[in-house]
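Comments concern the structure below.
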Number of protein chains: 2
Amino acid sequence: MNRETVIGRLKEYGLGITQPRIEILSYLMENHVHPTVDVIYESLLENNPGLSRTTVYNTVQLLTKCGALRTLCIDESHVNIDENTMPHAHLLCRECGRIIDLPLKGISVEKASHPFTMDGNMIEEVHQYYRGLCQECRNKQNK
Amino acid sequence: MNRETVIGRLKEYGLGITQPRIEILSYLMENHVHPTVDVIYESLLENNPGLSRTTVYNTVQLLTKCGALRTLCIDESHVNIDENTMPHAHLLCRECGRIIDLPLKGISVEKASHPFTMDGNMIEEVHQYYRGLCQECRNKQNK
DNA sequence: AAATAATTTGGAACTATTACAAATTTATAC
DNA sequence: GTATAAATTTGTAATAGTTCCAAATTATTT
Ligand SMILES: [Mn+2]
Ligand SMILES: [Mn+2]
Ligand SMILES: [Zn+2]
Ligand SMILES: [Zn+2]
(Lines give C-alpha, C1' and ligand atoms only; values in the text may rest on other atoms or scores of the structure.)
(Ligands and ions follow the chains in the order given, each with its own letter.)
Protein backbone atom coordinates (compact mmCIF):
# COMPACT_ATOMS: atom_id res chain seq x y z
CA MET A 1 0.00 0.00 0.00
CA ASN A 2 1.24 3.45 -0.97
CA ARG A 3 3.01 5.03 1.99
CA GLU A 4 1.58 8.48 1.25
CA THR A 5 -1.96 7.12 1.20
CA VAL A 6 -1.52 5.58 4.61
CA ILE A 7 0.03 8.73 6.06
CA GLY A 8 -2.85 10.70 4.58
CA ARG A 9 -5.31 8.41 6.31
CA LEU A 10 -3.59 8.89 9.66
CA LYS A 11 -3.63 12.66 9.20
CA GLU A 12 -7.35 12.57 8.33
CA TYR A 13 -7.95 11.27 11.80
CA GLY A 14 -5.58 13.77 13.37
CA LEU A 15 -3.14 11.11 14.51
CA GLY A 16 0.61 11.37 14.85
CA ILE A 17 2.68 9.80 12.09
CA THR A 18 4.90 7.03 13.37
CA GLN A 19 6.57 4.03 11.83
CA PRO A 20 4.52 1.39 13.69
CA ARG A 21 1.24 3.11 12.83
CA ILE A 22 2.15 3.25 9.17
CA GLU A 23 3.06 -0.42 9.19
CA ILE A 24 -0.06 -1.55 11.02
CA LEU A 25 -2.54 0.50 9.02
CA SER A 26 -0.75 -0.45 5.85
CA TYR A 27 -1.09 -4.10 6.68
CA LEU A 28 -4.80 -3.73 7.36
CA MET A 29 -5.42 -1.81 4.15
CA GLU A 30 -3.72 -4.52 2.10
CA ASN A 31 -4.92 -7.66 3.86
CA HIS A 32 -8.68 -7.79 4.10
CA VAL A 33 -8.81 -10.89 6.25
CA HIS A 34 -10.20 -9.87 9.66
CA PRO A 35 -6.91 -10.63 11.40
CA THR A 36 -6.45 -10.97 15.11
CA VAL A 37 -4.04 -8.62 16.85
CA ASP A 38 -1.60 -11.47 17.08
CA VAL A 39 -1.78 -12.21 13.38
CA ILE A 40 -1.00 -8.58 12.65
CA TYR A 41 1.86 -8.64 15.11
CA GLU A 42 3.41 -11.86 13.84
CA SER A 43 3.04 -10.80 10.21
CA LEU A 44 4.73 -7.44 10.73
CA LEU A 45 7.46 -8.80 12.96
CA GLU A 46 9.44 -10.24 10.03
CA ASN A 47 10.12 -6.84 8.52
CA ASN A 48 9.92 -4.91 11.77
CA PRO A 49 12.10 -6.54 14.36
CA GLY A 50 11.59 -4.88 17.69
CA LEU A 51 7.92 -4.20 17.15
CA SER A 52 6.00 -4.69 20.35
CA ARG A 53 2.76 -6.57 20.69
CA THR A 54 1.58 -3.81 23.00
CA THR A 55 2.03 -1.29 20.21
CA VAL A 56 -0.25 -3.30 17.98
CA TYR A 57 -2.84 -3.43 20.74
CA ASN A 58 -2.48 0.31 21.38
CA THR A 59 -2.68 1.22 17.72
CA VAL A 60 -5.67 -0.99 16.99
CA GLN A 61 -7.43 0.52 19.99
CA LEU A 62 -6.60 4.03 18.82
CA LEU A 63 -7.73 3.43 15.27
CA THR A 64 -10.93 1.81 16.48
CA LYS A 65 -11.68 4.68 18.83
CA CYS A 66 -11.42 7.23 16.05
CA GLY A 67 -13.53 5.14 13.69
CA ALA A 68 -10.87 3.98 11.26
CA LEU A 69 -11.41 0.33 12.19
CA ARG A 70 -14.07 -1.98 13.58
CA THR A 71 -13.49 -4.78 16.01
CA LEU A 72 -15.57 -7.91 15.59
CA CYS A 73 -16.84 -9.99 18.46
CA ILE A 74 -17.63 -13.32 16.84
CA ASP A 75 -15.12 -15.74 18.21
CA GLU A 76 -15.30 -15.60 21.97
CA SER A 77 -11.62 -16.28 22.46
CA HIS A 78 -10.37 -13.14 20.72
CA VAL A 79 -11.25 -10.04 18.78
CA ASN A 80 -10.95 -9.75 14.99
CA ILE A 81 -10.08 -6.53 13.24
CA ASP A 82 -12.02 -5.24 10.26
CA GLU A 83 -10.62 -2.39 8.21
CA ASN A 84 -13.86 -2.09 6.26
CA THR A 85 -15.98 0.33 8.28
CA MET A 86 -19.02 0.13 6.02
CA PRO A 87 -21.68 -1.83 7.90
CA HIS A 88 -21.85 -5.45 6.73
CA ALA A 89 -22.51 -8.93 8.09
CA HIS A 90 -20.09 -11.80 8.68
CA LEU A 91 -19.98 -15.56 8.52
CA LEU A 92 -17.59 -17.48 10.75
CA CYS A 93 -16.97 -20.84 9.11
CA ARG A 94 -16.64 -23.64 11.63
CA GLU A 95 -14.53 -25.65 9.21
CA CYS A 96 -11.88 -23.28 7.85
CA GLY A 97 -12.22 -20.63 10.56
CA ARG A 98 -12.39 -17.79 8.07
CA ILE A 99 -14.61 -14.79 8.58
CA ILE A 100 -16.39 -13.94 5.34
CA ASP A 101 -18.14 -10.68 4.46
CA LEU A 102 -21.84 -10.79 3.65
CA PRO A 103 -24.44 -8.08 3.03
CA LEU A 104 -26.46 -6.71 5.93
CA LYS A 105 -30.02 -8.06 6.21
CA GLY A 106 -33.14 -6.17 7.23
CA ILE A 107 -31.49 -2.78 7.52
CA SER A 108 -29.95 -0.50 4.92
CA VAL A 109 -26.26 0.33 4.95
CA GLU A 110 -27.16 4.02 5.07
CA LYS A 111 -29.32 3.62 8.13
CA ALA A 112 -26.78 1.43 9.90
CA SER A 113 -24.05 3.98 9.21
CA HIS A 114 -25.37 6.48 11.73
CA PRO A 115 -27.12 6.32 15.08
CA PHE A 116 -30.87 5.82 14.86
CA THR A 117 -33.67 4.99 17.25
CA MET A 118 -35.53 1.70 17.53
CA ASP A 119 -38.31 1.11 20.06
CA GLY A 120 -37.03 4.08 22.05
CA ASN A 121 -33.48 2.78 22.15
CA MET A 122 -30.60 4.61 20.49
CA ILE A 123 -28.76 2.20 18.21
CA GLU A 124 -25.17 3.24 17.56
CA GLU A 125 -23.68 0.06 16.12
CA VAL A 126 -25.29 -2.73 14.15
CA HIS A 127 -23.69 -6.16 14.21
CA GLN A 128 -24.87 -9.22 12.33
CA TYR A 129 -22.99 -12.44 12.15
CA TYR A 130 -23.60 -16.04 11.29
CA ARG A 131 -21.92 -19.29 12.15
CA GLY A 132 -21.96 -22.21 9.80
CA LEU A 133 -20.13 -23.62 6.79
CA CYS A 134 -18.83 -21.45 4.01
CA GLN A 135 -19.51 -22.31 0.39
CA GLU A 136 -15.98 -23.58 -0.23
CA CYS A 137 -16.04 -25.93 2.72
CA ARG A 138 -19.47 -27.20 1.76
CA ASN A 139 -18.21 -28.08 -1.70
CA LYS A 140 -15.20 -29.88 -0.31
CA GLN A 141 -17.37 -31.95 2.02
CA ASN A 142 -19.79 -32.97 -0.75
CA LYS A 143 -16.94 -34.20 -2.92
CA MET B 1 -38.51 -22.67 39.60
CA ASN B 2 -40.22 -26.01 40.16
CA ARG B 3 -37.62 -28.68 40.79
CA GLU B 4 -39.50 -31.29 38.78
CA THR B 5 -39.66 -28.99 35.76
CA VAL B 6 -35.93 -28.49 35.83
CA ILE B 7 -35.23 -32.20 36.22
CA GLY B 8 -37.61 -32.85 33.34
CA ARG B 9 -35.66 -30.43 31.20
CA LEU B 10 -32.38 -32.16 32.00
CA LYS B 11 -33.91 -35.55 31.15
CA GLU B 12 -35.22 -34.17 27.86
CA TYR B 13 -31.64 -33.62 26.85
CA GLY B 14 -30.53 -36.98 28.14
CA LEU B 15 -28.34 -35.49 30.85
CA GLY B 16 -27.57 -36.92 34.27
CA ILE B 17 -29.46 -35.43 37.19
CA THR B 18 -27.15 -33.76 39.70
CA GLN B 19 -27.51 -31.10 42.33
CA PRO B 20 -25.27 -28.50 40.61
CA ARG B 21 -27.02 -28.95 37.28
CA ILE B 22 -30.42 -28.48 38.88
CA GLU B 23 -29.23 -25.33 40.64
CA ILE B 24 -27.61 -23.81 37.56
CA LEU B 25 -30.43 -24.54 35.15
CA SER B 26 -32.94 -23.42 37.75
CA TYR B 27 -31.13 -20.13 38.14
CA LEU B 28 -31.14 -19.55 34.41
CA MET B 29 -34.81 -20.40 34.03
CA GLU B 30 -35.75 -17.90 36.73
CA ASN B 31 -33.37 -15.06 35.98
CA HIS B 32 -33.62 -13.92 32.40
CA VAL B 33 -30.74 -11.49 32.55
CA HIS B 34 -28.01 -12.86 30.26
CA PRO B 35 -25.68 -13.49 33.18
CA THR B 36 -21.98 -14.19 32.91
CA VAL B 37 -20.64 -17.46 34.26
CA ASP B 38 -19.26 -15.55 37.18
CA VAL B 39 -22.60 -13.96 38.00
CA ILE B 40 -24.21 -17.40 38.02
CA TYR B 41 -21.44 -18.73 40.21
CA GLU B 42 -21.51 -15.89 42.72
CA SER B 43 -25.31 -15.94 42.90
CA LEU B 44 -25.52 -19.66 43.58
CA LEU B 45 -22.62 -19.71 46.01
CA GLU B 46 -24.72 -18.26 48.85
CA ASN B 47 -27.02 -21.25 49.01
CA ASN B 48 -24.50 -23.74 47.64
CA PRO B 49 -21.28 -23.46 49.56
CA GLY B 50 -18.65 -25.65 47.95
CA LEU B 51 -19.91 -25.08 44.43
CA SER B 52 -17.00 -24.82 42.05
CA ARG B 53 -16.62 -22.21 39.38
CA THR B 54 -15.37 -24.99 37.10
CA THR B 55 -18.66 -26.82 37.53
CA VAL B 56 -20.54 -23.77 36.32
CA TYR B 57 -18.26 -23.55 33.31
CA ASN B 58 -18.65 -27.26 32.61
CA THR B 59 -22.40 -27.20 32.99
CA VAL B 60 -22.90 -24.12 30.84
CA GLN B 61 -20.74 -25.71 28.17
CA LEU B 62 -22.71 -28.94 28.37
CA LEU B 63 -26.08 -27.22 28.21
CA THR B 64 -24.93 -25.08 25.31
CA LYS B 65 -23.64 -28.08 23.40
CA CYS B 66 -26.96 -29.88 23.64
CA GLY B 67 -28.90 -26.78 22.64
CA ALA B 68 -30.51 -25.90 25.98
CA LEU B 69 -28.66 -22.56 26.13
CA ARG B 70 -27.07 -19.98 23.87
CA THR B 71 -23.89 -18.13 24.58
CA LEU B 72 -23.69 -14.53 23.44
CA CYS B 73 -20.57 -12.91 22.11
CA ILE B 74 -21.30 -9.21 22.49
CA ASP B 75 -18.96 -7.99 25.16
CA GLU B 76 -15.47 -8.95 24.16
CA SER B 77 -14.28 -9.47 27.70
CA HIS B 78 -16.62 -12.35 28.53
CA VAL B 79 -19.46 -14.52 27.39
CA ASN B 80 -23.09 -13.99 28.38
CA ILE B 81 -25.54 -16.84 28.81
CA ASP B 82 -29.01 -16.78 27.31
CA GLU B 83 -31.56 -19.35 28.40
CA ASN B 84 -33.96 -18.23 25.68
CA THR B 85 -33.04 -20.34 22.65
CA MET B 86 -35.57 -18.77 20.33
CA PRO B 87 -33.61 -16.61 17.86
CA HIS B 88 -33.72 -12.93 18.81
CA ALA B 89 -31.54 -9.83 18.72
CA HIS B 90 -29.81 -7.99 21.57
CA LEU B 91 -28.86 -4.49 22.60
CA LEU B 92 -25.86 -3.92 24.82
CA CYS B 93 -26.37 -0.58 26.56
CA ARG B 94 -23.12 1.33 26.99
CA GLU B 95 -24.54 3.17 29.99
CA CYS B 96 -26.11 0.52 32.24
CA GLY B 97 -24.37 -2.47 30.69
CA ARG B 98 -27.56 -4.49 30.42
CA ILE B 99 -28.27 -6.76 27.48
CA ILE B 100 -31.82 -6.28 26.30
CA ASP B 101 -33.85 -8.60 24.06
CA LEU B 102 -35.11 -7.25 20.75
CA PRO B 103 -36.84 -8.88 17.78
CA LEU B 104 -34.78 -10.26 14.92
CA LYS B 105 -34.64 -8.06 11.80
CA GLY B 106 -34.68 -9.16 8.18
CA ILE B 107 -35.13 -12.86 8.88
CA SER B 108 -38.00 -14.79 10.37
CA VAL B 109 -37.69 -16.62 13.66
CA GLU B 110 -38.77 -19.82 11.91
CA LYS B 111 -36.06 -19.56 9.29
CA ALA B 112 -33.39 -18.66 11.84
CA SER B 113 -34.38 -21.64 13.98
CA HIS B 114 -32.92 -24.18 11.59
CA PRO B 115 -29.92 -24.32 9.26
CA PHE B 116 -30.54 -22.73 5.86
CA THR B 117 -28.44 -21.75 2.87
CA MET B 118 -27.51 -18.23 1.85
CA ASP B 119 -25.35 -17.48 -1.18
CA GLY B 120 -24.13 -21.05 -1.11
CA ASN B 121 -23.13 -20.89 2.55
CA MET B 122 -24.81 -23.02 5.19
CA ILE B 123 -26.01 -20.77 7.99
CA GLU B 124 -26.42 -22.61 11.28
CA GLU B 125 -26.65 -19.74 13.76
CA VAL B 126 -27.96 -16.21 13.32
CA HIS B 127 -26.69 -13.50 15.63
CA GLN B 128 -27.78 -9.88 15.64
CA TYR B 129 -26.74 -7.37 18.22
CA TYR B 130 -26.64 -3.65 18.68
CA ARG B 131 -24.64 -1.32 20.85
CA GLY B 132 -26.05 1.96 22.02
CA LEU B 133 -28.24 3.45 24.72
CA CYS B 134 -31.31 1.72 26.04
CA GLN B 135 -34.59 3.57 26.39
CA GLU B 136 -34.28 3.89 30.16
CA CYS B 137 -30.82 5.40 30.03
CA ARG B 138 -31.88 7.79 27.28
CA ASN B 139 -34.72 9.05 29.44
CA LYS B 140 -32.45 9.54 32.42
CA GLN B 141 -29.97 11.54 30.35
CA ASN B 142 -32.65 13.82 28.90
CA LYS B 143 -33.93 14.68 32.39
C1' DA C 1 -24.64 -52.68 49.78
C1' DA C 2 -20.81 -53.00 46.52
C1' DA C 3 -19.02 -51.90 42.20
C1' DT C 4 -18.89 -48.94 38.36
C1' DA C 5 -19.59 -44.85 35.94
C1' DA C 6 -20.34 -40.05 35.87
C1' DT C 7 -19.63 -35.73 37.88
C1' DT C 8 -17.55 -32.26 40.80
C1' DT C 9 -13.85 -29.96 42.93
C1' DG C 10 -9.90 -26.83 43.52
C1' DG C 11 -5.72 -25.52 42.13
C1' DA C 12 -2.68 -24.87 38.43
C1' DA C 13 -2.07 -23.60 33.67
C1' DC C 14 -3.22 -20.98 29.71
C1' DT C 15 -4.04 -16.88 26.94
C1' DA C 16 -5.84 -12.52 25.35
C1' DT C 17 -5.52 -8.13 26.94
C1' DT C 18 -4.17 -4.13 29.86
C1' DA C 19 -1.08 -1.37 33.01
C1' DC C 20 2.96 1.02 33.59
C1' DA C 21 7.49 3.08 33.85
C1' DA C 22 11.62 3.64 31.27
C1' DA C 23 13.50 4.31 26.66
C1' DT C 24 12.87 6.02 22.15
C1' DT C 25 10.87 8.60 18.53
C1' DT C 26 8.35 12.51 16.70
C1' DA C 27 6.92 17.23 16.65
C1' DT C 28 7.81 21.95 17.95
C1' DA C 29 10.55 26.02 18.94
C1' DC C 30 14.47 28.37 18.15
C1' DG D 1 19.57 21.80 11.89
C1' DT D 2 19.64 21.46 16.85
C1' DA D 3 17.55 21.65 21.34
C1' DT D 4 13.42 20.98 23.86
C1' DA D 5 9.07 19.23 24.87
C1' DA D 6 5.53 16.10 23.84
C1' DA D 7 3.96 11.87 22.13
C1' DT D 8 4.74 7.17 21.33
C1' DT D 9 6.84 2.68 21.85
C1' DT D 10 8.73 -0.99 24.35
C1' DG D 11 9.11 -4.91 27.51
C1' DT D 12 7.73 -6.75 31.48
C1' DA D 13 4.46 -7.60 34.87
C1' DA D 14 -0.30 -7.83 36.14
C1' DT D 15 -5.15 -9.06 35.24
C1' DA D 16 -9.01 -11.89 34.23
C1' DG D 17 -11.77 -15.21 31.82
C1' DT D 18 -11.45 -19.80 30.75
C1' DT D 19 -9.63 -24.56 30.43
C1' DC D 20 -6.98 -28.57 32.18
C1' DC D 21 -6.47 -32.28 35.19
C1' DA D 22 -6.10 -35.63 38.85
C1' DA D 23 -8.17 -36.69 43.18
C1' DA D 24 -12.48 -36.77 45.69
C1' DT D 25 -17.29 -37.16 45.63
C1' DT D 26 -21.78 -38.39 43.98
C1' DA D 27 -25.02 -40.92 41.11
C1' DT D 28 -26.25 -45.14 38.91
C1' DT D 29 -26.23 -50.04 38.13
C1' DT D 30 -25.72 -54.71 39.64
MN1 LIG E 1 -15.75 -7.56 7.28
MN1 LIG F 1 -31.71 -12.84 24.97
ZN1 LIG G 1 -14.94 -22.60 5.36
ZN1 LIG H 1 -29.12 1.38 29.70
Side-chain angles (χ1 to χ4, degrees), chain A residues 3 6-11 13-27 34-45 47-66 68-81 92 97 99, chain B residues 3 6-8 10-11 13-27 34-45 47-66 68-69 71-81 92 97 99:
Chain A
R3 185 185 162 92
V6 178
I7 291 179
R9 180 77 72 94
L10 287 170
K11 281 184 178 163
Y13 289 102
L15 303 174
I17 312 303
T18 69
Q19 197 54 37
R21 285 178 188 175
I22 293 168
E23 294 292 340
I24 292 164
L25 187 51
S26 210
Y27 176 86
H34 309 105
T36 63
V37 166
D38 225 63
V39 164
I40 301 172
Y41 170 69
E42 295 290 350
S43 305
L44 293 180
L45 200 54
N47 298 312
N48 303 74
L51 176 66
S52 167
R53 205 185 304 268
T54 301
T55 300
V56 184
Y57 274 103
N58 288 342
T59 303
V60 162
Q61 204 168 328
L62 182 76
L63 291 170
T64 302
K65 210 166 280 171
C66 68
L69 300 179
R70 283 222 161 190
T71 57
L72 308 181
C73 195
I74 303 182
D75 197 325
E76 49 213 46
S77 70
H78 56 250
V79 143
N80 291 88
I81 314 301
L92 171 60
I99 293 175
Chain B
R3 186 185 161 91
V6 179
I7 291 179
L10 287 171
K11 281 184 178 163
Y13 289 102
L15 303 174
I17 311 304
T18 69
Q19 196 55 34
R21 285 178 188 176
I22 292 169
E23 293 292 339
I24 292 164
L25 187 52
S26 209
Y27 176 87
H34 309 105
T36 62
V37 167
D38 226 63
V39 164
I40 301 173
Y41 170 69
E42 294 290 349
S43 306
L44 293 180
L45 200 55
N47 297 313
N48 303 76
L51 176 65
S52 167
R53 204 186 303 269
T54 301
T55 300
V56 184
Y57 273 102
N58 288 342
T59 303
V60 162
Q61 204 168 325
L62 182 76
L63 291 170
T64 302
K65 210 165 280 170
C66 68
L69 301 178
T71 58
L72 308 181
C73 194
I74 303 182
D75 196 325
E76 50 212 44
S77 70
H78 56 250
V79 143
N80 291 88
I81 313 300
L92 170 61
I99 293 175

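First the proteins, then the strands, lettered A, B, ... as listed; each starts at 1.
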- Query: For A:E23 and D:dT8, what is the distance between atoms CD and P respectively, to the nearest whole Å?
  - Reply: 17 Å

- Task: Please examine the side chains of B:R21 and B:L15, heavy atoms only from C-beta on, and report whether any two atoms are closer than 4.5 Å.
- Result: yes

- Mind jotting down which residue pairs meet the salt bridge (charged side-chain N to carboxylate O under 4.0 Å, His left out) criterion with at least one end in residues 50-59 of chain A? Sequence neighbours excluded, please. A:D38-A:R53

- Who passes side-chain contact (heavy atoms from CB on, under 4.5 Å) against A:V79, sequence neighbours left out? A:T71, A:I81, B:E76

- Residue pair B:L51 / B:Y41: nearest heavy atoms and the distance that separates them: O-CE1, 3.3 Å

- Message: Going 5' to 3' along DNA chain C, between which two nucleotides do contacts with chain A fall, using a heavy-atom cut-off of 4.0 Å?
- Response: C:dA16 to C:dA27

- Heavy atoms only: give me the nearest B:P35-B:Y27 pair and the separation to one decimal. CG-CE2, 4.0 Å

- Taking five pairs at each end, how big is the angle between the two axes of the helix from C:dA1-D:dT30 to C:dC30-D:dG1, to 10°? 30°

- Identify, with sequence neighbours excluded, every residue that meets side-chain contact (heavy atoms from CB on, under 4.5 Å) alongside A:V6. A:M1, A:I22, A:L25, A:S26, A:M29

- Residues in side chain to side chain donor-acceptor pair (under 3.5 Å) with B:E42, at least two apart? none

- Item | Reading 5' to 3' through nucleotides 17-30 of chain D, protein heavy-atom contacts under 4.0 Å coded B for base, S for sugar-phosphate only, - for none | SBBBB-----SS--

- Query: Between A:N80 and A:L72, is there a donor-acceptor pair closer than 3.5 Å when you use the side chain of the first and the backbone of the second?
  - Reply: no

- Message: Among residues at least two apart in sequence or on other chains, which ones pass side chain to side chain donor-acceptor pair (under 3.5 Å) with B:S77?
- Response: B:D75

Distance-only donor-acceptor hits, side chain of residues 54-63 of chain A, under 3.5 Å, sequence neighbours excluded:
from	atom 1	to	atom 2	distance (Å)
A:N58	ND2	A:T54	O	3.4
A:T59	OG1	A:T55	O	2.7

